[in-house]
Amino acid sequence: MSVTRGKFLKALGKSIPGMVLGGGVATAAQKLLGKMAAASGATEMPIANAREEITRDTKIEFIMSGPPGGNRIALTFDDGPTPGVTELVLDELRRRGLHATFFMIGERIAAAPDLARRVLAEGHEVGNHTLTHPKLTTLADQQVEAEIQRTQDLMDDVLNRRATWFRPPYGALRQNQAGMVARKGLGIVLWSVNPGDWAQPGEARIVATVLGETRPGSIILCHDLHRQTADGLGPILDGLLERGLTFATVSSLLG
């Protein structure tokens with residue numbers, strides 16, 4: 001007896017409700033398929049086909065925060081790696097034994113490959129932030145797919161690692177574009193705390209915004225672009241630690 005599409009989708013919805021259909025869900029889907037196949041006597045349902053079925057019929061969710069219970073948060077950095085800034089961010093995290101998620105631009109990985117490798121070597125998670133940081137809602141589907149896939153391939157070449165999470169530049173992605181992201185096995189992550197540090201509003205304002213708005217489950221958006229962010233990071237980390245909050249990567253926060 002085979003595992004039907006209807007049975008698979010129904011079981012998937014019960015097993016991982018509320019999750020993005022992509023990223024870590026692909027792994028959960030594969031495990032679920034194996035259990036269903038074993039129970040029914042079926043051989044297997046290829047994960048690529050399962051992923052295609054999911055994205056065709058299901059609205060893709062954009063994750064903005066993690067579970068509010070407990071005390072875990074995820075600190076993320078966009079637009080790097082940036083020589084002269086990313087090193088300072090990494091130093092602050094390493095002093096406290098903390099880990100973050102870095103959504104990297106493909107061209108910047110190519111320009112600073114050793115720095116990108118350091119991020120991964122120190123235990124941080126890397127995410128896909130496109131090749132050139134365009135506003136994806138203004139591009140044709142073929143261009144959007146190229147921006148994402150070329151970054152995945154570049155990560156594979158430079159880091160020997162492909163991302164499992166994607167963050168669209170400016171948070172701009174249409175629902176009818178999300179399927180191509182999920183078909184690549186990528187979950188879509190936005191944020192719930194945004195200090196606007198990319199605009200360099202001043203170190204004090206960056207620190208005050210993050211400390212004032214962060215709650216359990218928050219996904220914090222920062223940028224390893226400018227010195228203001230790096231200079232304010234120490235007070236941010238210490239302030240959140242003093243509140244008993246625990247830092248997690250995006251994958252760890254979302255389970």
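Not measured: the values here are computed from a predicted model.
- Counting only N and O atoms by type, the side chains of Thr137 and Gln177 include no donor and acceptor under 3.5 Å apart.
- Between Arg150 and Asp153 no salt bridge is recorded (no basic side-chain N to carboxylate O distance below 4.0 Å).
- Between Glu92 atom CD and Thr229 atom OG1 the span is 12.0 Å, to the nearest 0.5 Å.
- Taking CD1 of Ile109 as the reference point, atom CG of Asp114 lies at 13.0 Å (rounded to 0.5 Å).
- In this structure, a donor-acceptor pair under 3.5 Å is present between the side chains of His129 and Asp79.
- The minimum heavy-atom distance linking His223 with Asp197 is given by the pair N-OD2, 2.7 Å.
- Listed here is the closest heavy atom pair of Ala163 and Asn128: CB-N, 3.5 Å.
- Taking the six-membered ring where the residue is Trp, Phe102 and Phe77 present parallel rings, their angle staying beneath 30° rather than reaching 60°.
- Proximity of a side-chain donor or acceptor of Glu203 to a complementary backbone N or O of Gln228 within less than 3.5 Å is not detected.
- Taking a 6.0 Å sphere around CZ of Arg227, one finds it holds 12 or fewer heavy atoms contributed by other residues, nucleotides or ligands.
- Atom OG1 in Thr209 sits 11.5 Å away from atom CG in Leu221 (nearest 0.5 Å).
- A 6.0 Å sphere centred on CZ of Arg243 holds more than 12 heavy atoms belonging to other residues, nucleotides or ligands.
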Practice prompt. Decide side-chain contact (heavy atoms from CB on, under 4.5 Å) for Leu136 and Arg174; before the verdict, give the C-alpha distance in whole Å, the side-chain angles of both, and the deciding distance to 0.1 Å.
Written response: CA-CA 8 Å; Leu136 298 179; Arg174 296 193 304 270; over 6 Å; no
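- Using modelled atom types, no side-chain atom of Thr214 and backbone atom of Leu211 make a donor-acceptor pair closer than 3.5 Å.
- Residues His133 and Arg108 form no side-chain contact, since every pair of their non-hydrogen atoms from C-beta on lies 4.5 Å or further apart.
- For the residue pair Lys184 / Gln149, a side-chain donor-acceptor distance below 3.5 Å is found, with atom types taken as modelled.
- When all heavy atoms are compared, the tightest approach of Ile206 to Pro201 is CG1-CG, 3.8 Å.
- Trp198 and Val189 fall into different hydrophobic clusters, where Ile, Leu, Val, Met, Phe, Trp and Tyr side chains are chained together by heavy-atom contacts under 4.5 Å.
- By the criterion of side-chain heavy atoms lying less than 4.5 angstrom apart, applied directly or through intervening Ile, Leu, Val, Met, Phe, Trp or Tyr residues, Val119 is grouped together with Leu98 in one hydrophobic cluster.
- The closest donor-acceptor contact from the side chain of Thr151 to the backbone of Leu131 lies under 3.5 Å.
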Item to complete: Evaluate the side-chain contact (heavy atoms from CB on, under 4.5 Å) criterion for residues Arg215 and Ser65: first the C-alpha distance (whole Å), next the side-chain angles of each, then the deciding distance (0.1 Å), finally the verdict.
Response: CA-CA 10 Å; Arg215 303 288 185 271; Ser65 61; over 6 Å; no
Worksheet item: Does the side chain to side chain donor-acceptor pair (under 3.5 Å) test come out yes or no for Arg167 and Thr76, once each step is laid out?
Response: CA-CA 10 Å; Arg167 176 175 284 163; Thr76 68; 2.8 Å; yes
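- For the atom pair CG (Leu190) and CZ (Phe166), the distance works out to 10.0 Å, reported to the nearest 0.5 Å.
- Within the 4.5 Å cutoff, no side-chain heavy atoms of Glu122 are placed close to those of Leu93.
- Note that CG of Leu90 is 6.5 Å distant from CG of Leu115, once rounded to the nearest 0.5 Å.
- Looking at Thr249, its side chain never comes within 3.5 Å of a backbone N or O of Glu125 through a donor-acceptor pair.
- Across all non-hydrogen atoms, the minimal contact from Leu120 to Leu159 is CD2-O, 3.7 Å.
- Under the 4.5 Å side-chain heavy-atom criterion for ILVMFWY residues, a single connected hydrophobic cluster contains both Leu233 and Val210.
- In this structure, Arg117 and Val158 approach most closely via the heavy-atom pair NE-O, 3.1 Å.
- Between Ala112 and Pro83, the shortest heavy-atom contact is CB-CG, 4.0 Å.
- Counting non-hydrogen atoms of neighbouring residues, nucleotides and ligands closer than 6.0 angstrom, the CZ atom of Arg205 reaches no more than 12 such neighbours.
- Using a 4.5 Å cut-off between side-chain heavy atoms of Ile, Leu, Val, Met, Phe, Trp and Tyr, with links allowed through other members, Tyr170 and Val181 fall into different hydrophobic clusters.
- Atom CG of Asn194 sits about 11.0 Å away from atom CD1 of Ile220, to the nearest 0.5 Å.
- When hydrophobic clusters are built by joining Ile, Leu, Val, Met, Phe, Trp and Tyr residues whose side-chain heavy atoms come closer than 4.5 Å, directly or via intermediates, Leu186 is grouped together with Ile60.
- Within a 6.0 Å radius of CG in Asn176, more than 12 heavy atoms belonging to other residues, nucleotides or ligands are found.
- Taking a cutoff of 4.0 Å between a charged side-chain nitrogen and a carboxylate oxygen, Glu87 and Arg118 do not qualify as a salt bridge.
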